[in-house]
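One structure below.
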Amino acid sequence: MEYNFTEVEKKWREYWAEHKTFRAENNSTKPKYYVLDMFPYPSGAGLHVGHPLGYIASDIVARYKRIQGYNVLHPMGYDSFGLPAEQYAIQTGTHPAITTEQNINRYRDQLDNIGFSFDWERELRTSNPDFYKWTQWIFIKLFHAWYNNKSNKAEDIKTLVAEFESNGNTSIHAACSDTETFSADEWKAMGEKQQQTVLLNYRLAYLSDAMVNWCPQLGTVLANEEVKDGFSERGGYPVVRKLMKQWSLRITAYAERLLNDLKDIDWSPSLKEMQENWIGRSEGSSLRFKVQNSEAAIEVFTTRPDTIFGATFITLAPEHELVEALTTPEYKGKVDEYIQYSKTRSERDRMADVKKITGQFTGAYAVHPFKGSLIPIWIGDYVLAGYGTGAVMAVPAHDSRDYSFAKYFDLPITEVVSGGDISNESYDAKEGKLINSDFLNGLDVKDAIKKIIAEIETRGLGKGKTNYRLRDAIFGRQRYWGEPIPIYYRDGIPYTIDEKDLPLELPVVDKYLPTEEGEPPLARAKDWKYKGEYEYEQTTMPGWAGSSWYYLRYMDAHNDKEFVSRDAVNYWKDVDLYIGGAEHATGHLLYVRFWTKFLYDLGLIPVIEPARKLINQGMILGVSMLARIVNCVVSNEMQDTQLFFLPNDFPTLENEIKIRVPIEFVEDGKFHSSKLVKLREKLPNNIEFLDYETFDKIKNFWDQFAPEFSKMNVETFDKSYFNEYLDITPEVEKMSKSKLNVITPDDIITKYGADCLRLYEMFLGPLELPKPWNTNGIEGVSKFIRKLWRLYHDGENNYKISEDAATPAELKILHKTIKKTAEDIDRFSFNTSVSSFMICVNELTELKCNKRAILEPLAIIVSPYAPHIAEELWSLLGHEKSISFAEFPDWKELYITDQNFDYPISINGKTRLKISLPSDLTKEEISAKILARDEVKKLLDGKTPKNIIVVPNRIVNIVV
RNA sequence: GCCCUGGUGGUGGAACUGGUAGACACGCAGGACUUAAAAUCCUGUGGCCGUUGAGGCCGUAUCGGUUCGAUUCCGAUCCGGGGUACCA
């Protein structure tokens with residue numbers, strides 16, 4: 001009988017739970033360390049092998065910090081609002097809370113099995129009213145706040161109202177939506193309704209028109225990812241872009257601070273770069289173009305006002321508000337047609353297909369503000385309504401997108417900056433001298449920009465402006481399963497509900513679908529009115545609401561008086577180490593920074609950033625199995641579509657598509673027809689006519705080899721067909737339930753144990769890199785665990801430890817490993833740590849070392865990685881308390897340093913031989929000794945060295 | 001498209017600041033123990049040529065550059081992964 005991991009692991013998990021070993025104290029004299037994982041959405045598929053990767057890493061750090069003497073906060077919870085549970089509710093009628101509860105229970109079981117050192121007393125769920133009460137509370141704070149650009153922080157809306165009452169809005173410098181100026185008297189003359197409407201333009205949580213993907217048939221708004229080629233992924237219904245009233249958060253007010261404060265946090269440069277690009281600060285100028293024969297003016301934003309003399313046309317986004325008014329009757333038909341077309345293209349499509357140039361002339365002309373000449377006004381969907389003003393002055397000579405557009409529609413191109421060759425491509429660089437530009441001629445680009453902005457301002461055509469690509473965050477969702485927005489309407493004006501009425505709980509509804517009129521599911525709630533009288537807001541908050549502040553709640557998870565107490569937040573402050581996926585780089589990680597700054601501005605928390613250090617763990621990728629199918633109608637007479645799987649070696653057909661086959665189907669296990677869910681529900685759009693010949697070929701094949709399978713029939717589907725007849729191509733991609741390629745950790749734990757899973761996931765490779773999952777190397781890790789056990793036992797598996805003093809060789813092995821693992825954890829290189837444990841155990845095994853002086857520290861340094869076996873060995877060694885209370889050993893350089901170093905001797909950079917020399921020699925002594933050696937003389941073959949490069953304790957390179 | 005990121009043996013990976021490429025592990029091949037299997041242990045293992053206790057050449061996606069020396073730095077190209085604002 002060898003090491004019995006099943007028994008040992010169970011024993012220690014129970015011990016930890018019973019003794020509350022990992023409870024964090026809010027009052028402690030120890031230094032604090034807060035390690036946080038991005039909490040999971042509890043999906044129905046359960047935890048897959050990708051989830052624990054980051055959790056294991058953070059758990060190692062948490063356990064390591066504990067044995068270094070820190071008071072460690074290492075909590076876990078659930079991001080439990082979200083679409084999948086709602087989708088399931090629509091299909092089955094099961095309340096999402098029930099599905100969510102079940103999923104959470106399964107997650108908890110799975111998490112428990114891995115032996116994490118979480119403080120479960122602090123568990124939280126975003127869908128729990130105790131939690132979302134405070135999410136709503138923060139929303140109310142956002143509603144009653146405005147951003148004062150003078151004090152550069154958010155302030156209570158009362159200070160704004162006071163200012164309006166004394167001075168109107170003329171001298172206010174605020175982050176706001178477009179608002180007309182008014183005086184104090186005008187403000188006072190406004191009625192309640194009008195005043196509230198004005199205030200909405202300043203609030204940090206406000207209602208505005210936003211562009212969304214609207215699907216009339218489904219009666220709902222869709223995420224970009226739910227839209228494929230202008231049709232809904234689910235059902236294949238057409239989707240159009242539409243303006244809708246939506247709650248938004250004014251994150252743009254914080255753009256500058258979100259950008260600047262990046263410099264003070266220890267996040268990876270690439271992640272900071274992504275956030276910088278996302279915020280997209282650009283300096284430039286606004287500029288108005290008068291429209292010929294009209295009162296209207298088009299305002300553009302440009303970062304290159306210096307190229308104004310090269311502006312040869314104007315392009316508006318198709319959604320631009322002036323399009324309808326400008327278009328001449330002659331062009332109305334074509335313009336309308338183009339607008340219809342562009343409505344079907346998502347913003348992403350539009351940005352992605354830059355090669356596909358589309359646009360339409362409106363028939364109208366604008367007046368060039370400096371030249372006075374007329375330039376045509378076009379619409380084109382390469383101009384996005386949401387950025388800048390939704391209009392650009394096109395300078396084809398110096399902007400590649402304008403250039404392609406001009407070439408395609410044969411519009412004039414005027415060079416105004418020298419240095420490029422505009423006959424082939426635009427010259428976008430901000431370098432060169434201005435030409436063809438009147439008073440700007442001869443200036444450098446930089447100087448020209450300064451001069452033209454001054455000129456624009458003098459002439460009142462516009463002003464210098466900083467623009468951000470960052471847009472305000474749309475906060476309302478046309479969904480059921482999210483936090484209700486704590487707003488009610490009186491006289492059409494939104495008001496927040498009283499704080500004492502929080503939480504505003506989700507009402508009961510009969511169905512989780514939008515109403516027939518296309519209102520959100522909450523409109524179905526019966527008698528759901530504030531104070532029995534006022535309509536509530538019917539949209540709910542997005543998935544990122546709860547996650548924007550949850551890290552604070554863990555500090556004081558059960559407080560029913562405050563979202564977090566002063567004492568708790570003053571002690572824990574911020575997250576010392578935050579681990580999560582890079583896919584959150586520009587979503588969650590910007591929102592949580594935004595909320596943190598907002599709460600700081602209100603004086604509620606003492607920090608301006610949520611996390612000092614952030615690590616992105618790489619995604620564990622799954623292997624999806626793709627089968628080729630063809631979906632066809634053979635002729636017009638045949639009514640139903642037929643789906644055929646294509647056999648091996650069948651030539652590629654033009655109208656074939658690939659579908660995912662469940663991974664467990666291709667391996668062992670039974671097939672359940674319900675699993676073939678992803679049969680690309682957009683098939684109706686994809687119907688192709690297949691010629692009789694091809695149809696017959698496929699049909700004959702299946703009739704001959706598998707008659708019951710000739711048509712796709714999931715009921716009779718059998719695994720053997722795949723192996724024998726079907727061409728399955730594996731594809732590495734994100735592991736996700738929807739891609740049918742999920743692998744759970746459960747089987748591995750049963751077979752090898754939790755310690756083995758932990759070590760193996762770390763051993764797989766660097767934490768940050770994405771890697772496909774495979775279990776090829778797991779045997780090696782399992783062997784390591786058994787070898788480790790054997791060091792403490794004799795041949796009969798009896799515990800046996802010697803009390804003798806350790807030899808220098810043994811000490812060297814131990815201290816080398818302590819040093820390595822301490823350094824590795826500090827730089828989050830967990831895979832190399834595991835390797836060094838293996839080397840250590842191999843070497844100690846070779847020396848037959850079973851000395852307490854070596855094996856006791858060894859158990860401690862292994863314990864963050866493999867806590868179960870470490871606890872067992874620790875208790876065998878005679879300790880009563882958990883190894884979590886042990887002390888991480890120091891390493892001593894003395895035991896490690898070598899007397900000699902094996903110098904690799906290279907000639908012209910090629911290693912030829914090694915020579916061992918004392919490691920304390922000077923460069924001169926080294927080269928003298930080396931050159932005196934016969935082997936070296938022989939290799940030099942009589943040639944005189946031109947140069948000798950000596951790097952002590954590294955290398956010697958002889959150049960001849 | 002744009003932004004980020006990666007590419008090293010049959011496989012996962014190591015090489016931390018430009019200094020011995022392939023640590024550690026899997027797999028594979030051969031061997032020991034065993035009636036047999038499992039487990040365990042030993043030996044070999046980047047490619048090509050040559051030897052069978054000589055050695056040589058090539059080799060870190062591709063091409064080029066900087067350097068005494070490049071997996072590491074620079075430029076270009078190809079390929080994979082993530083994000084792209086209502087998935088979380």
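Any value given below was found using the heavy atoms of this structure, including those in side chains, with hydrogens, waters and symmetry copies removed. Note on naming: letters A, B, ... go to the chains in the order of the sequence lines (proteins, then strands), and numbering restarts at 1 for each one.
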Base, sugar-phosphate, or nothing for [X], non-hydrogen atoms under 4.0 angstrom?
X	value
A:W544	nothing
A:E768	nothing
A:N842	sugar-phosphate
A:F837	nothing
A:L83	sugar-phosphate

For [N], which nucleotide in any strand shown is its Watson-Crick or wobble partner with both distances under 3.5 Å?
N	result
B:U62	B:A76
B:C26	B:G10
B:U34	none
B:G53	none

Measure [atom1]/[X] against [atom2]/[N] and give the value in whole Å, please.
X	N	atom1	atom2	answer
A:L53	B:G81	CG	P	19 Å
A:I620	B:G82	CD1	P	14 Å
A:F830	B:C24	CZ	P	22 Å
A:I907	B:G56	CD1	C1'	15 Å
A:N831	B:U8	CG	P	15 Å

- Item | Shortest non-hydrogen separation from A:I955 to A:S906 and the atoms involved |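 Of all heavy-atom pairs spanning A:I955 and A:S906, the closest is CD1-OG, 3.9 Å.
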
- Query: What do you reckon, are the aromatic ring centroids of A:Y578 and A:W267 less than 6.0 Å apart?
  - Reply: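 Not under 6.0 Å, so no.
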
- Query: Do A:F5 and A:Y752 have ring centroids that are under 6.0 Å from one another?
  - Reply: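 That pair fails the under 6.0 Å test.
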
Check this one for me: any side-chain N or O of [X] less than 4.0 Å away from OP1 or OP2 of [N]?
X	N	result
A:K771	B:G81	no
A:R477	B:A85	no
A:R786	B:A39	no

Minimum-distance nucleotide to [X] side chain [options: [options]]:
X	options	answer
A:N774	B:G12, B:A88, B:G83	B:G12
A:K787	B:C41, B:C26, B:G82	B:C41
A:L764	B:C86, B:C24, B:G12	B:G12
A:T911	B:C57, B:A21, B:C4	B:A21
A:K820	B:C68, B:C26, B:C16	B:C16
A:R471	B:C86, B:G83, B:A85	B:A85
A:R790	B:G13, B:U20, B:U40	B:U40
A:N277	B:G19, B:G83, B:C3	B:C3
A:L621	B:G6, B:G81, B:C4	B:G81
A:R827	B:C26, B:C68, B:A15	B:A15

- A:D824 and A:S836: side-chain donor and acceptor closer than 3.5 Å?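 Not at all, the side chains of A:D824 and A:S836 share no donor-acceptor pair under 3.5 Å.
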
- B:G75: syn or anti, with syn meaning chi within 90° of zero?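 Nucleotide B:G75 adopts anti.
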
- Message: A cation-pi test, strictly: NZ or CZ of A:K819 under 6.0 Å from the centre of the six-membered ring of A:W891 and no more than 45 degrees from its axis. Yes or no?
- Response: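 That pair qualifies as a cation-pi contact.
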
- Message: One pair to check against ring-ring contact (aromatic ring centres under 6.0 Å, His included): A:Y480 and A:Y512. What are the steps and the verdict?
- Response: CA-CA 6 Å; A:Y480 177 76; A:Y512 303 94; 5.0 Å; yes

